[in-house]
Amino acid sequence: KAKRNGRGKFAFFDAAEDAGVCSARRLESELRRALDEKEFRVVYQPIVSGASGEVAACEALVRWQHPELGVISPAEFIPLAERNGLIVGIGDWVLEQACRDALRMPTSVKVSVNLSRVQISDRNFVRRVAETLARTGLAPERLELEITETAIIDNERNALRVLEELTQLGVSVALDDFGVGQSAFSCLRELPISRIKIDRSFIDDLATDPKARSIFVAMATMARSLGMKTTAEGIETEQQRIIAALAGCDHLQGYLLGRPEEIDSLSFDTPALAANGKMAG
Ligand code: C2E
Ligand code: MG
Ligand code: MG
Ligand code: MG
């Protein structure tokens, strides 16, 4: 009953899912409508250089501005969109938007876009990435694509082909949420991955749990010796920032450094941090 009367977005989706096929259809048509009516938007979270504090990249994060329910987080609708295949259309739209928006950012700033496992198993995916780059005029070197290890393990042979083709285009690939999937090491050995993004769960406990810190430092060290870059995700405190930077993470991302924002609200000015760094050395 609470669910049926609930106004919250969780209630909406839970109720719809529980009710089965009919509501799954309704959700599908809601998502389809959202795409047609341009209810999606992309916000950008700054990713800064650990050494200088300068903005090095921005991660594109999709939002659904639902007319009645307000802003719906991707964690809620991406899994649904993956099940009904609409993620392919949504993902194409996000990619195009991110490429266009990147052209309004300083050329030193990369844009990073998340991929779903469903997108990379689409036969024409790489071709569409190439077309999007050509159409928008964004240099491939300014685009990074993020994929989770779990999505790769799904179909490793296909992932190998897709990642190799993306690399040939000049697009780089980052392994997202590193450390929490099933098995990350084979991915690192076999796939052309240029960056690992160490999952937020390790950063959460960095200042308080020596084991979390040891694992974190080991991951950063391993990445470096494999010639890969690292991003620490979910930096919320100054202490975490310092530990991650000292461990040699070249990029830092988290609420401490900046929340996801509309493109027009983004600032590329370097905060006090970098000024200190310059004065020090
Ligand atoms: P992700 O790729 O790991 O993105 C990072 C998420 O952590 C974002 O949540 C971001 O807002 C959040 N975050 C960043 N810094 C902090 C912090 O300091 N503390 C905390 N607590 N959270 C932080 P968001 O935007 O809700 O996205 C959630 C997930 O949804 C993403 O995780 C990604 O897996 C997926 N996603 C987002 N946009 C897209 C998209 O366009 N396509 C696909 N396929 N997935 C997307
Ligand atoms: Mg990501
Ligand atoms: Mg992540
Ligand atoms: Mg995540």
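Treat the numbers as computed from the prediction; the structure is a model and nothing was measured. Numbering of ligands and ligand atoms starts at 1, following listing order. Scope of the values below: all heavy atoms of this structure, side chains included, with no hydrogens, waters or symmetry mates.
- Side-chain N/O atoms of R117 and T150 include no donor and acceptor closer than 3.5 Å.
- In summary, K110 and E144 engage in a salt bridge, as defined by a charged side-chain N under 4.0 Å from a carboxylate O.
- Within the 2.8 Å limit, E233 places at least one N, O or S atom next to the Mg ion (ligand 3).
- Ligand 1 lies nowhere less than 4.0 angstrom from a heavy atom belonging to R259.
- Judged by distance alone, the side chains of R41 and Q65 do bring a donor and an acceptor atom under 3.5 Å apart.
- Applying the salt bridge (charged side-chain N to carboxylate O under 4.0 Å, His left out) test between E59 and each of R259, K197, R195 identifies K197 as the sole match.
- Residue E233 has at least one heavy-atom neighbour below 4.0 Å for each of these atoms of ligand 1: 3 (O).
- Taking the six-membered ring for Trp and the full ring otherwise, the centers of F178 and F216 sit at least 6.0 Å from each other.
- Nearest to the Mg ion (ligand 2), among the N, O or S atoms that E59 has, is OE2.
- With ligand atoms numbered from 1 in the order given, ligand 1 contributes 17 (C), 18 (O), 19 (N), 20 (C), 21 (N) to contacts under 4.0 Å with heavy atoms of E236.
- Which parts of ligand 1 touch L115 is read off a 4.0 Å heavy-atom cut-off, strictly below it: atoms 44 (N).
- At least one heavy atom of G234 lies less than 4.0 angstrom from ligand 1.
- Side chains of S116 and E82: a donor-acceptor N/O pair is present below 3.5 angstrom, by distance only.
- Minimum-distance N/O/S atom of E146 relative to the Mg ion (ligand 2): OE1.
- Atom numbering of ligand 1 starts at 1 in the shown order; those under 4.0 Å from a heavy atom of P260 are 11 (O).
- Contacts between I78 and ligand 1, counted as non-hydrogen atom pairs separated by less than 4.0 Å, involve the side chain only.
- For D177, the N, O or S atom with the smallest separation from the Mg ion (ligand 3) is OD1.
- Near D176, meaning under 4.0 Å from any of its heavy atoms, are these atoms of ligand 1: 1 (P), 2 (O), 3 (O).
- Shown in contact with E59 at under 4.0 Å from a heavy atom are these atoms of ligand 1, numbered in order with element: 1 (P), 2 (O), 4 (O).
- At least one N/O/S atom of N114, whether from backbone or side chain, sits less than 2.8 Å from the Mg ion (ligand 2).
- Comment: E238 engages R241 in a salt bridge, judged by a side-chain N to carboxylate O separation of less than 4.0 angstrom.
- Contact annotation: for Q253 versus ligand 1, there are no heavy atoms closer than 4.0 Å.
- The atoms of ligand 1 that sit less than 4.0 Å from any heavy atom of V62 are 38 (N), 39 (C), 40 (C), 41 (O).
- Taking backbone and side chain together, D199 holds no N, O or S atom under 2.8 Å from the Mg ion (ligand 3).
- Between the side chains of Q253 and T231, no donor-acceptor pair of N or O atoms lies under 3.5 Å.
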Please list, one pair per line, the donor and acceptor atoms closer than 3.5 Å that link side chains of residues 223-230 to other protein atoms, with sequence neighbours excluded.
from, atom 1, to, atom 2, distance (Å)
R224, NH1, A247, O, 3.3
S225, OG, T221, O, 3.4
S225, OG, M222, O, 3.0

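- Taking the side chain to side chain donor-acceptor pair (under 3.5 Å) definition, one finds that Q119 meets it with nothing, sequence neighbours left out.
- Here D176 reaches the Mg ion (ligand 2): one of its N/O/S atoms is less than 2.8 Å from the metal.
- By the criterion of a heavy-atom distance under 4.0 Å, the side chain of V94, and not its backbone, is placed next to ligand 1.
- The residue among Q97, E76, R200 with a heavy atom at the shortest distance from atom 6 (C) of ligand 1 is R200.
- With salt bridges taken as basic N to acidic carboxylate O contacts below 4.0 Å, one links E96 and R135.
- Side-chain contact between V71 and W64 is absent, with no heavy atoms from C-beta onward closer than 4.5 Å.
- If you look at I90 next to ligand 1, there are no close heavy atoms at all, none under 4.0 Å.
- Remark: distances from the non-hydrogen atoms of E82 to ligand 1 are all 4.0 Å or more.
- Comment: R213 does not engage D205 in a salt bridge, judged by the lack of any side-chain N to carboxylate O separation of less than 4.0 angstrom.
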